[in-house]
Amino acid sequence: KQVSMNNTTQIKFTNTLIIELQEFKNYINEEIVKYPLLKEEILDFYQLAIDEIDEGGSATHEIELCQESIKQLIDENN
């Protein structure tokens, strides 16, 4: 039996995702301001995460992976 989401559930889920992605974008912008020399690499990690999310990956998981990659990049360059 297929589980169907009612409209309210779907809207809440969509709003949560939008907020999560907006916070992610803010985080990326903050890191670029702090580490302008790493801008290209940071944006590459961001784009990879967004592509994975677009292809059905968990937003939370992809964002966490991206943040870990960025932290590692910063550690390696400081």
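Values below: every heavy atom of this structure, side chains too, minus hydrogens, waters and symmetry copies. This is a predicted model, so every value here is computed, not measured.
Qualifying salt bridge (Lys or Arg N to Asp or Glu O under 4.0 Å) partners for Lys25, counting only residues two or more places apart in sequence or in other chains: none. Partners of Gln47 according to the side-chain hydrogen bond (donor to acceptor under 3.5 Å, both in side chains) rule, which considers only residues two or more places apart in sequence or in another chain, are Asp51. Residues passing the side chain to side chain contact (heavy atoms under 4.5 Å, CB included) test with Ile74 are Glu31, Tyr35, Leu38, Ile70, Asn78, sequence neighbours excluded. Evaluation of the ring-ring contact (aromatic ring centres under 6.0 Å, His included) rule for Phe45 yields no partner, not counting sequence neighbours.
Atom CD of Glu62 is separated from atom CD of Glu20 by 11.0 Å, given to the nearest 0.5 angstrom. Expressed to the nearest 0.5 Å, how far CD1 of Ile42 lies from NZ of Lys39 amounts to 10.0 Å. Distance check: Ile50 CD1 to Leu43 CG gives 11.0 Å after rounding to the nearest 0.5 Å.
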Residues Asn77, Leu37; criterion side chain to side chain contact (heavy atoms under 4.5 Å, CB included); working and verdict: CA-CA 10 Å; Asn77 286 276; Leu37 296 176; over 6 Å; no
Test log, rule side chain to side chain contact (heavy atoms under 4.5 Å, CB included), inputs Cys66 and Ile28: CA-CA 10 Å; Cys66 180; Ile28 294 296; 4.2 Å; yes
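Other residues sharing a hydrophobic cluster with Leu65 under the 4.5 Å side-chain heavy-atom criterion for ILVMFWY residues do not exist; the residue is a singleton.
The two residues Ser58 and Ile53 come nearest to each other via the heavy atoms O-CG1, 4.4 Å.
Pairs engaging residues 46-78 under the ring-ring contact (aromatic ring centres under 6.0 Å, His included) rule: Phe24-Tyr46 [sequence neighbours left out].
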